[in-house]
Every structure is written in structure tokens, then in C-alpha cells.
Amino acid sequence: MYKLGDVVVGRDEIRKKAVLGLAARINEDYAGKEVTVIGVLKGAMIFLSDLVRELEMPVCIDFIVVSSYGVETETSGVVLLVKDIDSDIEGKHVLIVEDMIDTGVTLKYLKELFESRKPATLKVCAAFDKPERRKVDLSADYAGIRLADDFVVGYGLDFANMYRNLPDLRALAEDSGAKE
Ligand code: IMP
Ligand code: MG
């Protein structure tokens, strides 16, 4: 059994470092260009909606749905494509928006998939990053907040599809079942 634990990163810090910090860099790097932002559902929905409202260039938004987790806190290592994007990204400046980069397996799959469609550029932006957990050699072009390897929920991140709506990033603690 698990229960909600402490706040790991509060909403103000998420806004300052992940949303505003990364948006400023993206605005600078892509000034005058049109960007196709591809959100990786479901986790990226909250971060993407905060981020795109800070972007100043013309933006197209699309979504891809992938799944790699069961109900456990460890990735299965197999990425399942549940729903592809609708748009043609050939010749476009594509920015993948992820909630979290953990082992990097999901991102490796997505980068290979999109690269094969010949975008003009392809970069990755993630709200959170756990670099110590990497299984593939890969890093985000725009990484917001660096975390240790503990499992977290909130701000789009889930455990068994719960807790995505929490405004802060929270730990998930083992529940011994003892009364508090
Ligand atoms: P990766 O393929 O191992 O990099 O995992 C990427 C996906 O796993 C992320 O987009 C998240 O949806 C999910 N994930 C990774 N770490 C966590 C976590 O601490 N809490 C909830 N979901 C996570
Ligand atoms: Mg997830």
C-alpha cells in the first residue's frame, strides 16, 4: 500500500523553474520560428498547458499517447504507442514536451519515431529529470527541475492514473497500514 508523502517540489518552484525558466529559453531559441509542440500524454498535460501559454512564437499543438508503466512504480521497459500525432511534422521545428525523463526509454522511442519523419529540428523539453536513473544515453535539451530517484506524483504525474491533479509534486510513501 502507498500513501501521499511530503511535498518534493512546491507549485511556486515548479512555475518559476520549470514553466517560466524553460519558456524563457525556448522563446529565445525559437524566436521568429513556428514550433510544433508535441505533448506526451497523459503525464505532460498539465506542464504543457502551463508552458505553451508562456510561449511567444506561433505554436501548433499535437499529442501522442504512449504507455510504459503498469500500475507499479517501475517502468516495464516496453513503450506502447497508444495514439499517434495527427500532424505532418516533415520540415517542422518539433519540441517534444514530457513531464519527466526517468530511464529515458520513452524518449528514445519517441525521438526515433519522430526523427524518421524528417522534422527540420527535434528537441525535448521536460519539467522534471532524474538523470541518475538513465538506462539510455539521452538528455533533454530543456530540463526543468532535477530530482533524486524517488517516485513522485502530482503536476501530471501519476500512480495507477491517480494524483495527476495535485498542484505540487509529492512523494509517494510506503504505507505500513499502522494508524497515525
Ligand atoms: P522513462 O521512459 O523511464 O524515461 O519514463 C518516462 C515516463 O515514466 C514519464 O513520462 C512518466 O510518465 C513516468 N514516470 C517516470 N518517473 C515517474 C515518477 O516518479 N512518478 C510518476 N511517473 C513517472
Ligand atoms: Mg506516467
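Hydrogens, waters and symmetry mates play no part in the numbers below; they use all other heavy atoms, side chains included. Both ligands and their constituent atoms are indexed starting at 1 by order of listing. Numbers here simply count residues along the sequence, with the first being 1.
The aromatic rings of Phe128 and Tyr155 sit perpendicular to each other, their planes meeting at more than 60°, with 30° as the lower class boundary. Between Tyr30 and His93, the angle of the ring planes goes over 60°, which puts this pair in the perpendicular group of the 30/60° scheme.
The atoms of ligand 1 that sit less than 4.0 Å from any heavy atom of Thr106 are 1 (P), 2 (O), 5 (O), 6 (C). Near Val105, meaning under 4.0 Å from any of its heavy atoms, are these atoms of ligand 1: 2 (O), 4 (O). Of all the atoms in ligand 1, the ones that sit under 4.0 Å from a non-hydrogen atom of Leu157 are 11 (C), 21 (C), 22 (N), 23 (C). Counting atoms of ligand 1 from 1 in the listed order, those under 4.0 Å from a heavy atom of Glu98 are 10 (O).
Nearest heavy atoms, Asp29 versus Lys33: O-NZ, 4.1 Å.
An N or O contact shorter than 3.5 Å links Gly104 to ligand 1 by distance.
Using a 4.0 Å cut-off between heavy atoms, Lys135 makes no contact with ligand 1 at all. With a 4.0 Å heavy-atom cut-off, ligand 1 is reached by the side chain of Lys130 but not by its N, CA, C or O. Using a 4.0 Å cut-off between heavy atoms, Asp99 contacts ligand 1 through its side chain alone, with no backbone atom that close.
A donor-acceptor contact shorter than 3.5 Å is absent between the side chain of Lys92 and the backbone of Glu34. Arg25 contributes no side-chain N or O that, together with a main-chain N or O of Gly21, makes up a donor-acceptor pair within less than 3.5 Å.
At least one heavy atom of Val152 sits under 4.0 Å from some atom of ligand 1.
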Which atom pairs, donor and acceptor, lie under 3.5 Å between side-chain atoms of residues 5-15 and protein residues at least two apart or in another chain?
| residue | atom | partner | partner atom | Å |
| --- | --- | --- | --- | --- |
| Arg11 | NE | Asp168 | OD1 | 3.0 |
| Arg11 | NH2 | Asp168 | OD2 | 2.9 |
| Glu13 | OE2 | Lys17 | NZ | 2.7 |
| Arg15 | NH2 | Glu54 | OE2 | 2.8 |

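Contact of the Met162 side chain with the Val153 side chain is not registered, since no non-hydrogen atoms from C-beta on lie closer than 4.5 Å.
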